[in-house]
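See structure below.
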Amino acid sequence: MDSLPLARVVATLAEVSATGSRTAKTTALAGLLAAALPGDLVPLIGLLRAQPRQGRLGVGWRTVAARRSGVEPDPGAPAAPLTVADVDDAFGALAAVPAGTGSSVARHGVLDALWARATQAEQDFLTRVLVGELRTGALDGLLVDAVARASGRPVAEVRRAAMLTGDLGATAQLARTDPAGLAAVRLGVGVPVLPMLASSAASVAEALAVTGPASVEHKLDGARIQVHRDGDDVLVVTRSLADVTDRLPEVVAAVRALPVQRVILDGETLLLGEDGAPRPFQDTMARFGSGGSDAVLRPWFFDVLHADGRDLIDEPLAERRQVLAEVAGDLVVPGIVTDDPQEAEQFAAAALAAGHEGVMVKGITSAYAAGRRGKAWVKVKPVRTVDLVVLGCEWGSGRRRGWLSNLHLGARDAAGHFGPPGEFVMVGKTFKGLTDALLAWQTERLLALEERRDGAAVFVRPELVVEIAFDGVQRSQRYPGGVALRFARVKGYREDKAADQADTIDDLRTLLAPAPAPD
DNA sequence: GAGTACGCGTC
DNA sequence: ATCGGAT
DNA sequence: ATCCGATGACGCGTACTC
């Protein structure tokens, strides 16, 4: 079997994107995987998930493409077609180019070489990969099925191995070369596991009705972390399994101090204010995303997957929480066990009063379902609502092509703090919560209110009032009122209301946490 | 060298 | 993250 | 019950532009 020609990858992806049937897509991908050499599976899956980009290649690639665009592709067709391995080599070479002055020249050299060997179709494909067009993650679920099909292993077995190793490419290779090894994949300290995800409910009572007796825990507004410790070796990864160990020395130190040698912990990290209350999410991210500062990120843990030789992933939550209390002490996220809605409601109110995002309600008998979004974990957060005015709307793409989709939302500036009194101040955009019927309706309605266009946006007379649900507000530099909505979605149009009855920018600004005292 | 735009990852 | 639609 | 696709605000780091 020869190395897989890139042309075949291109053809398969074209087929996959052209068909609507999930089954057909799986079949096409499975065929591709089955045709690949085992050694090609890791780069192939990386390519299919559009992950192997190294930094900012979009513009670099466009530059190369533009420079090349006048140049005829080599008239004598390349002797050897471009293979997946070639692309993987090129990505490796790109990764090896050091950052800094001159690096873009070196990067372009690598890209030039790739481009020169590629056919037109391959050039198009590479452009889409490198520019990020194919990066949707949408193939993730399909690929698990396809790997199973291509290797003849049960889907559940492949899925479990992929979740436990956080690595579909390696799992595909294992499935092909060592089926027994695949079945034997277990949790490993130092090997990141895909984190368990939660569904959501509107109230604690509703959540409890789904889970039954539950652990009800504070939901902290920070970044998810998974920490592996083996003696003094500590690894910290994020929700997407990115290694952030070097950025979180304080978390490493905190875990090294725990009374346990080998452990996998699941939790959250965030900044606290001097008063002990959580800082705004933005502040946590500013620290989380950078090397360091004096601000100290603190870890809290709500689950333990392994402790000193004991895999706990299939144990009920009650058992895991007990072990957690022993190994993590005061770093355990506060929670109670109950099946009483009133008691849970009181606990949730206290969590909010303490400045947290809400609560998690977790079935007390549930196992840790790595990588799954089940009903065993349910998040409950308060939802706010405001009536805002539509200022404009952007044309949708993909399945929303032809509809005005992404609404520009304005709050009323009754006091005239940001312009003439009574005009509107933009506070965010949303495309969520719209059914196809509503999309059609708003497209027609907004076009009738059109004032002007600019690129993809149609600006309208500010007359239509829309009810918007959101989770909270955040400081904004982009929007003139200094606030932006977090997770805004449409609840419905308020045709009974006129624009001068819309909620005000001052209403929204009162939701902003007071700025920390400078001192 | 300063300022901007992009890419990616957090939610 | 959230939501509606499709499978 | 899940997966997919369309996009939100922000913050960092860095490639690119002048």
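Proteins come first, then strands; the chains are lettered A, B, ... in the order of their sequence lines, and each starts at number 1. These numbers come from the heavy atoms of this one structure, side chains and all, not from hydrogens, waters or symmetry mates.
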Problem set entry | Pairwise P distance for B/dC11 and D/dA6, with rounding to whole Å | 23 Å
Exercise. Sequence neighbours excluded, which residues qualify as side-chain hydrogen bond (donor to acceptor under 3.5 Å, both in side chains) partners of A/T284?
Worked result: none
Exercise. Quick one: is D/dG8 close enough that its OP1 or OP2 comes under 4.0 Å of any side-chain N or O from A/K429?
Worked result: yes
Problem set entry | side-chain hydrogen bond (donor to acceptor under 3.5 Å, both in side chains) between A/D243 and A/T245, intermediate numbers included | CA-CA 6 Å; A/D243 183 346; A/T245 311; 2.6 Å; yes
For this session: Ignoring backbone atoms, establish whether A/R399 has a side-chain N or O less than 4.0 Å from OP1 or OP2 of D/dA6.
Result: no
Problem set entry | Closest listed nucleotide, where the reference is the side chain of A/Q474 and the choices are B/dC11, B/dT10, D/dC10 | D/dC10
Problem set entry | Closest to the A/T435 side chain, choosing from C/dT7, B/dT10, C/dG5 | C/dG5
Exercise. For A/T430 and C/dT2, is the shortest distance between a side-chain N/O and OP1 or OP2 below 4.0 Å?
Worked result: no
For this session: Mind telling me whether A/W377 and A/F302 have parallel, tilted or perpendicular rings, with 30° and 60° as the class edges?
Result: perpendicular
Exercise. Is there a donor in the side chain of A/D314 and an acceptor in the side chain of A/Y368, or the other way round, less than 3.5 Å apart?
Worked result: no
Seminar exercise, completed: Testing D/dC3, D/dC10, D/dG11 for proximity to the side chain of A/Y479, the answer is D/dC10
Exercise. Side chain of A/K375: nearest nucleotide among D/dA1, D/dG8, B/dT10?
Worked result: D/dA1
Exercise. Quick one: is D/dC10 close enough that its OP1 or OP2 comes under 4.0 Å of any side-chain N or O from A/S476?
Worked result: yes
For this session: Could you measure between the two C1' atoms, the one in D/dT7 and the one in B/dT10, and give it in whole Å?
Result: 16 Å
Exercise. Counting any heavy atom closer than 4.0 Å, what does A/K491 reach on the DNA or RNA strands: base, sugar-phosphate only, or nothing?
Worked result: nothing
Problem set entry | Nearest-nucleotide pick for A/L142, side chain only, options being C/dT2, D/dG11, D/dC4 | D/dC4
For this session: Measure from the side-chain heavy atoms of A/S397 and tell me the nearest of C/dC3, D/dT7, D/dG11.
Result: D/dT7
Exercise. Under 4.0 angstrom, heavy atoms only, what part of the nucleic acid is A/T23 near: base, sugar-phosphate, or nothing?
Worked result: nothing
Exercise. Which part of the nucleic acid does A/T238 contact within heavy-atom distance under 4.0 Å: base, sugar-phosphate only, or nothing?
Worked result: sugar-phosphate
For this session: Provide the full list of side chain to side chain donor-acceptor pair (under 3.5 Å) pairs with a residue in residues 428-439 of chain A, sequence neighbours left out, each pair given once.
Result: A/E394-A/K429, A/R399-A/D436
Exercise. If only side-chain N and O atoms of A/K25 are considered, is one of them under 4.0 Å from the OP1 or OP2 phosphate oxygen of C/dT7?
Worked result: no
Exercise. Of the nucleotides D/dC10, B/dC11, D/dA6, which has the atom closest to the A/E357 side chain?
Worked result: B/dC11
Exercise. With respect to the side chain of A/R22, which nucleotide from D/dC10, D/dG8, D/dC4 is positioned closest?
Worked result: D/dC4
For this session: From the options D/dG11, D/dC10, D/dA6, select the nucleotide whose nearest atom is closest to the side chain of A/A286.
Result: D/dG11
Exercise. Between B/dT10, C/dT2, C/dG4, which nucleotide gets closest to the side-chain atoms of A/K379?
Worked result: C/dT2
Problem set entry | Under-4.0 Å side-chain N/O to phosphate OP1/OP2 contact, A/N406 with D/dA6 | no
For this session: Give a yes-or-no answer on whether the side chains of A/E467 and A/Y493 include a donor-acceptor pair shorter than 3.5 Å.
Result: no
